[in-house]
K.L.:
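Starting off with a structure, shown below.
Atoms within each ligand, like the ligands themselves, are counted from 1 in listed order.
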Amino acid sequence: MKTVTVIGIGLIGGSLALSLRQRGLAAHVIGVDHSPENLRTAQALGLIDEGTADLAAAVRRADLVVVAVPMDAMLTVLPQVLEEVEQQVVIDVGSTKSMLLAAVAGHPQRGRFVAVHPMAGTEYSGPEAAVPELFTGKTLVICDAEQSDADAVNQVQALFEQLQMNIEYLDAAAHDLHTAYVSHISHITSFALALTVLEKEKEEQQIFALASGGFASTVRLAKSSPDMWVPIFRQNRVNVLDVLDEHIKQLQHLRHLISQEDYPAVYQQIEQANLIKKILK
Ligand SMILES: NC(=O)c1ccc[n+]([C@@H]2O[C@H](COP(=O)([O-])OP(=O)(O)OC[C@H]3O[C@@H](n4cnc5c(N)ncnc54)[C@H](O)[C@@H]3O)[C@@H](O)[C@H]2O)c1
Ligand SMILES: O=C(O)C(=O)C[C@]1(C(=O)O)C=C[C@@H](O)C=C1
């Protein structure tokens, strides 16, 4: 890939730009962003070689186009990109897939687009949050690959393998279901935890004084941006509601057992939860 155009030069777009540049996989990176400030920061940090607001020209000049904007903007930006595409390869990096893939289904250039989701990120956003090794050793999900041209899928797989990512293939519906069950619910839990602690603990210095690893690790995701998460919850609403119902049931069950002073049952529930150690060491 000689020239890479990254639309949305924040955490993920910026980290991908950095990774590709550092490994010699992109000779020239063009940044496109609706925030002139983010473009300036991205250039100052060396994420991009040039920044522009001219999306059409930046797409036409690219060999690879990466669309890394929040999921609501993705629904309008990706079709605009496909309007300019001839032989270039286009990827998104979005966290939800079904609605996006429906939005571009039947587009004459659909084959040049490969839907991918790097299962890597942090709670921070914007170009200043970009880091080069974000993707190393993590999973990249490629969705509905049969809808993309085979040469485009092969190029994308080879590129991300060079970033040392593990490639998984899923259809969009399965992707949205499983990300709701693992990633999206974790964020809702963390947002609710932060809201709970802020509501109950009015002595802010006690949060600061008593917060140790446990609180820090469970509340980390609550620092994540609403610009990113509201569109994800909107686009994956049905799956999110399904897993959220189960989560509320689990919380209510634990509450019930503690209120009944049924500590042997609480013990059993914790032992059951500990089974997660077998999956995630
Ligand atoms: N943060 C994560 O952990 C993570 C992980 C995997 C995938 N994703 C997905 O990657 C995408 C980007 O997330 P991020 O964390 O990098 O967000 P971010 O906020 O760090 O960056 C998004 C960038 O897009 C720009 N932008 C927004 N709307 C735009 C538009 N209409 N046109 C041009 N630029 C626009 C913003 O100014 C910003 O620079 C999202 O779709 C998100 O769901 C995020
Ligand atoms: O580690 C984090 O901070 C993340 O939020 C990363 C995370 C995740 O849930 O694992 C968040 C959303 C993405 O779509 C993929 C990865």
K.L.:
Using a 4.0 Å heavy-atom cut-off, which part of Lys223 comes near ligand 2: side chain, backbone, both, or neither?
P.N.:
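Neither; no heavy atom under 4.0 Å.
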K.L.:
Are Asn154 and Val156 packed together at the side-chain level, in the sense that at least one heavy-atom pair is separated by less than 4.5 angstrom?
P.N.:
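When only atoms from C-beta onward are counted, Val156 and Asn154 do not touch, as no gap falls below 4.5 Å.
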K.L.:
Out of all atoms in ligand 2, which are within 4.0 Å of some heavy atom of Met228? Include the element for each.
P.N.:
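The atoms of ligand 2 under 4.0 Å from a heavy atom of Met228 are 12 (C).
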K.L.:
So that I can tick it off, tell me whether Glu133 and Arg23 are bridged by a salt bridge, with the cut-off set at under 4.0 angstrom between side-chain N and carboxylate O.
P.N.:
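A salt bridge links Arg23 with Glu133.
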K.L.:
Given Glu161 and Gln157, is the side chain to side chain donor-acceptor pair (under 3.5 Å) satisfied, shown in steps?
P.N.:
CA-CA 6 Å; Glu161 279 174 348; Gln157 171 158 347; 2.8 Å; yes
K.L.:
Testing Met74, Gln235, Arg237 one by one against Met99 for a side chain to side chain contact (heavy atoms under 4.5 Å, CB included), which residue passes?
P.N.:
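For Met99, the side chain to side chain contact (heavy atoms under 4.5 Å, CB included) check succeeds only for Gln235.
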K.L.:
Collect the protein residues that have a non-hydrogen atom under 4.0 Å from ligand 1 and hand them over in chain and number order.
P.N.:
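Within 4.0 Å of ligand 1, the protein residues are Gly8, Ile9, Gly10, Leu11, Ile12, Asp33, His34, Ser35, Asn38, Ala68, Val69, Pro70, Met71, Ala73, Met74, Val77, Val93, Gly94, Ser95, His117, Pro118, Ala120, Gly121, Thr122, Ser125, Gly126, Met228, Ile232.
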K.L.:
Let me see the working for Glu84 and Arg61 under salt bridge (Lys or Arg N to Asp or Glu O under 4.0 Å), right down to the final yes or no.
P.N.:
CA-CA 10 Å; Glu84 306 301 329; Arg61 287 171 59 201; over 6 Å; no
K.L.:
For atom 3 (O) of ligand 2, what's the nearest protein heavy-atom neighbour? Residue, atom name and distance, please.
P.N.:
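Protein heavy atom with the smallest distance to atom 3 (O) of ligand 2: Arg220 NH1, 2.8 Å.
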K.L.:
Between Arg112 and Asp151, does at least one N-O distance fall below 4.0 Å, as a salt bridge requires?
P.N.:
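Between Asp151 and Arg112 there is a salt bridge, with a charged N closer than 4.0 Å to a carboxylate O.
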K.L.:
Any ion pair linking Lys97 and Asp171 (charged N to carboxylate O, less than 4.0 Å)?
P.N.:
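Looking at Asp171 and Lys97, the cut-off is not met.
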K.L.:
Residue-level breakdown please: for Leu221 versus ligand 2, do any non-hydrogen atoms fall below 4.0 Å on the side chain, on the backbone, on both, or on neither?
P.N.:
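Side chain only; the backbone of Leu221 stays clear of ligand 2.
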K.L.:
Can you tell me which residue and heavy atom of the protein come closest to atom 10 (O) of ligand 2, and the distance to 0.1 Å?
P.N.:
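It is Ser183 OG, 4.3 Å.
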K.L.:
With a 4.0 Å heavy-atom cut-off (strictly under), which part of Trp229 contacts ligand 2: side chain, backbone, both or neither?
P.N.:
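Contact part for Trp229 vs ligand 2: side chain (C-beta onward).
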K.L.:
Nearest non-hydrogen contact with atom 16 (C) of ligand 2 belongs to which option: Ser95, Ala120, Ser186?
P.N.:
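Selected option, by shortest heavy-atom distance: Ala120.
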K.L.:
Starting from atom 15 (C) of ligand 2, locate the nearest protein heavy atom and write down its residue, its atom name and how far away it is, to 0.1 Å.
P.N.:
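Looking only at protein heavy atoms, the one closest to atom 15 (C) of ligand 2 is His117 NE2, 3.6 Å.
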K.L.:
What orientation do His256 and His253 show, parallel under 30°, tilted 30 to 60°, or perpendicular over 60°?
P.N.:
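His256 and His253: parallel rings.
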K.L.:
Using a 4.0 Å cut-off to any heavy atom of Glu123, which atoms of ligand 2 qualify?
P.N.:
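Close to Glu123: 3 (O).
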K.L.:
Less than 4.0 Å between a side-chain N and a carboxylate O, is that true for Glu246 and Lys249?
P.N.:
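The answer is yes: the pair qualifies as a salt bridge.
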K.L.:
Atom 5 (O) of ligand 2: which protein heavy atom is closest, and how many Å away?
P.N.:
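Nearest protein contact, heavy atoms only, for atom 5 (O) of ligand 2 is His187 NE2, 2.9 Å.
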K.L.:
Any salt bridge linking Glu83 with Arg60? Criterion: basic side-chain nitrogen under 4.0 Å from a carboxylate oxygen.
P.N.:
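Not counted as a salt bridge, because no side-chain N and carboxylate O are separated by less than 4.0 Å.
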K.L.:
Is the backbone N or O of Gln206 less than 3.5 Å from a side-chain atom of Glu201, with the two atoms forming a donor-acceptor pair by type?
P.N.:
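Flag not set: sc Glu201 to bb Gln206 has no pair under 3.5 Å.
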